[in-house]
Enquirer: 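Okay, here's the structure, questions in a sec.
Labels below follow one simple rule: chain letters A, B, ... track the order of the sequence lines, proteins then strands, and each chain is numbered from 1.
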There are 2 protein chains.
Amino acid sequence: MTSYHHGNLRESLVETGIELARAQGPDGVVLREVARRAGVSHNAAYRHFADREALLSEIARHGMRELHAAMQREIDTADAEDHPDERTRAAARLRATGRAYVDFAVAEPGLFDVAFSAIPDEDGLDADTDPYDLLTHVLDDAVVAGAVSADLRPGAEVICWAAVHGFATLHVHGPRASAPVEERNATLEVMLDHIARGLA
Amino acid sequence: MTSYHHGNLRESLVETGIELARAQGPDGVVLREVARRAGVSHNAAYRHFADREALLSEIARHGMRELHAAMQREIDTADAEDHPDERTRAAARLRATGRAYVDFAVAEPGLFDVAFSAIPDEDGLDADTDPYDLLTHVLDDAVVAGAVSADLRPGAEVICWAAVHGFATLHVHGPRASAPVEERNATLEVMLDHIARGLA
DNA sequence: CATCGAATGTGGCCACTGTCAACATCGGGC
DNA sequence: GCCCGATGTTGACAGTGGCCACATTCGATG
C-alpha cells in the first residue's frame with residue numbers, strides 16, 4: 001500500500017503546502033509539517049525542491065494563477081451583462097478586475113500573502129496566468145473602447161494595480177483589517193469610481 | 001564597566017532591534033541576535049518584552065513615528081514654498097504627503113516592512129505620530145482650502161492611503177521592485193496627478 | 001547604615017525548524 | 001537479470017523562541 005516511492009510526491013507537497021498557506025500564510029508553510037501531512041519523512045522534499053523558498057515559490061505561482069482566474073471570472077461575468085455600448089462594457093470590465101482582486105485577497109489572505117511575499121522563481125508566470133498581464137489587456141481594451149483616454153494610458157497599469165493592491169493589503173493584514181465589510185465594499189466602489197473617472 | 005545590570009536594556013534592545021529591522025526586515029529581528037548585540041544574555045529581553053512579537057511591535061511603532069516624521073517634513077517643505085493661493089498650497093501638501101510615504105518605504109524597506117507586518121500592541125499610536133492621522137488632517141485642510149471637494153471627502157483617506165501604500169509595497173518587495181528609479185518617480189507623479197484631479 | 005524584597009540578568013533546557021550527509025530502496029534501460 | 005539513477009529515510013547539527021530555576025543588584029524601609 002504505502003510503497004517506498006510515493007509516486008507523486010512533488011504534486012502532493014505543493015497541494016499540502018497550499019493548504020497550509022491558505023490556513024496560516026507564509027509562516028505556516030513549514031517544510032517538516034508539509035512532509036508530515038504528505039505522509040513522508042522530513043527531507044523527502046529536498047528531492048523536489050532546492051529549499052523551503054523554492055516550495056514557497058511554487059505555492060506563490062499557484063496563488064497568482066488563482067488570482068488570475070478569479071479576475072478572469074469576474075471580467076467574464078461583467079462582460080456577459082447588458083451594456084449600452086462598448087465603452088460602458090470596457091469600464092465595467094475594469095471595475096470587475098479591481099473588485100475581483102480585492103475580493104480574492106480578502107477571501108484568501110494566506111495565499112495572497114504567499115503570492116506576494118515569496119521570491120518568484122527564475123521563470124515567471126505564463127502570460128495567461130499573470131494577473132498583471134490580465135490588467136494590461138483590460139486597460140488596452142478600455143482604450144480601444146474609449147473608456148480610457150490614450151493620453152492617460154502610460155503608467156495606468158501600475159496606478160490601477162497600486163490602488164487595488166494597497167487597498168487589499170491594508171484590509172487583509174493592515175490597519176484596515178478590522179473595517180466592516182460593508183464599509184470596505186463601499187469605499188472600494190468609491191475608489192473604483194475615482195480610477196474610472198481619472199482615466200477617462 | 002559592564003555591571004550586572006545593564007541599566008538601560010529596554011532602550012538598547014529596541015535600538016538594536018531597529019538596526020536589524022532596517023538591515024534585514026522582520027526576519028532579521030532575531031531575539032538572540034538582538035541580545036547578543038546588546039551585550040546581554042539571550043533571555044534578558046524577556047524582562048522587558050513578553051515575547052519577540054512585543055519587541056517587533058515596539059520597532060514597528062518606531063517605524064511609524066519615523067514615517068510620520070518624514071511625511072511631516074515633506075509637508076512643511078511644500079508649505080514653505082511659494083504658492084499662488086491656498087488651494088494650490090493644500091494640493092502641494094497632499095502631493096508631498098504621498099511622495100514622502102513612498103520615498104520612506106523605498107529608503108527604509110526594512111523598517112517599513114516591520115511597521116506594517118508586526119501586530120501593533122494594545123495601545124496604538126499617539127495622534128501626533130500616526131501617519132494616518134496626518135493624512136486625515138492634510139485632507140481636511142485640503143477641503144477647507146478648496147483643493148478637495150467636500151462631496152468626495154468621505155473615504156478619501158483610505159483611497160489615498162491605498163494608492164500610495166500599494167505603490168510603495170509593489171516597489172519595495174513586490175513585482176515592481178526592479179523598476180528604475182526615474183520610472184518609479186515618473187509614475188508616482190502621474191498617480192498623484194490622478195489623485196489630485198480625482199478629489200478636486 | 002543594614003536588610004530584605006522586587007527588579008533585572010544568567011545558564012541550562014526543551015521543542016522545533018531548515019539543511020546536510022550517508023544510507024536504503026525502488027524502477028527502468030542495458 | 002543487473003545495475004545505476006532517482007527517490008525516500010535516518011540521523012545529525014546549528015540556530016531559534018520560550019520556560020525554569022538561580023544569581024545579582026537596586027532601592028525602599030527600618
Enquirer: Using modelled atom types only, decide if a donor and an acceptor are shared between the side chain of A:R95 and the backbone of A:E189 within a distance under 3.5 Å.
Expert: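 Judged by distance alone, yes, a pair lies under 3.5 Å.
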
Enquirer: Rounded to whole Å, how long is the line connecting atom CD of A:E53 with atom C1' of C:dT17?
Expert: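 Atom-to-atom, A:E53 to C:dT17, this comes out as 15 Å.
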
Enquirer: Measure CG/A:L13 against C1'/D:dT9 and give the value in whole Å, please.
Expert: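 Result: 14 Å.
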
Enquirer: Please step through side chain to side chain donor-acceptor pair (under 3.5 Å) for the pair A:D133 and A:T136, ending with a clear verdict.
Expert: CA-CA 5 Å; A:D133 258 57; A:T136 301; 5.4 Å; no

Enquirer: Whole angstroms only, please: what is the NE2-C1' distance between B:H48 and C:dT10?
Expert: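 B:H48 atom NE2 is separated from C:dT10 atom C1' by 13 Å.
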
Enquirer: Within less than 4.0 Å of OP1 or OP2 of D:dG18, is there a side-chain N or O belonging to B:Y46?
Expert: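 Yes, such a contact exists.
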
Enquirer: With no angle test and no hydrogens, is the base of C:dG9 tied to the side chain of B:N43 by a donor-acceptor pair under 3.5 Å?
Expert: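 Between C:dG9 and B:N43, which were checked side chain against base, a qualifying N/O pair under 3.5 Å is absent.
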
Enquirer: Which nucleotide in the set C:dT19, C:dG9, D:dT16 lies at the smallest distance from any side-chain heavy atom of B:R36?
Expert: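 Selected nucleotide (nearest to the side chain): D:dT16.
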
Enquirer: OP1 or OP2 of C:dA6 versus the side-chain N and O atoms of B:R47: is any pair under 4.0 Å?
Expert: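 False: B:R47 side-chain N/O out of range (4.0 Å or more) of C:dA6 OP1/OP2.
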
Enquirer: Using the ring of each side chain (for Trp, its six-membered ring), is A:F112 parallel, tilted or perpendicular to A:F116, with breaks at 30° and 60°?
Expert: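 Aromatic pair A:F112/A:F116 classed tilted.
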
Enquirer: What nucleotide among C:dC13, D:dG8, C:dG9 has an atom nearest to a side-chain atom of B:R32?
Expert: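 Between C:dC13, D:dG8, C:dG9, the one nearest the side chain of B:R32 would be C:dC13.
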
Enquirer: Could you tell me how far apart B:F49 (CZ) and D:dC19 (P) are, to the nearest whole angstrom?
Expert: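 Answer to the nearest Å: 16 Å.
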
Enquirer: For A:L9 and D:dG8, give me the distance from atom CG to atom P, rounded to whole Å.
Expert: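 Result: 4 Å.
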
Enquirer: Write down the distance between CZ (A:R10) and P (D:dG8), rounded to a whole number of angstrom.
Expert: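 Those two atoms, CZ and P, are 12 Å apart.
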
Enquirer: Nearest whole angstrom, please: distance from the P of D:dA14 to the CD of B:E33.
Expert: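 After rounding, the gap between these two atoms is 18 Å.
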
Enquirer: Is it the case that D:dG11 (base atoms only) and A:H42 (side chain only) share a donor and an acceptor within less than 3.5 Å, ignoring hydrogens and angles?
Expert: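 Flag set: donor-acceptor pair detected.
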
Enquirer: If I take atom CG from residue A:D121 and atom CZ from residue A:F49, how far apart are they, to the nearest 0.5 angstrom?
Expert: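 If we round to the nearest 0.5 Å, A:D121:CG and A:F49:CZ are 10.0 Å apart.
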
Enquirer: From CZ of A:R52 over to P of D:dG15, roughly how many Å is that when rounded to an integer?
Expert: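 My rounded result for the distance is 19 Å.
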
Enquirer: Checking contacts here: which listed nucleotide (D:dG8, C:dT19, C:dG9) is nearest the side-chain heavy atoms of A:V40?
Expert: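 Looking only at heavy atoms from C-beta outward on A:V40, the closest nucleotide is D:dG8.
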
Enquirer: May I ask you to decide if B:D128's main-chain N or O and B:H68's side chain share a donor-acceptor pair within less than 3.5 Å?
Expert: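 Checked: pair present.
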
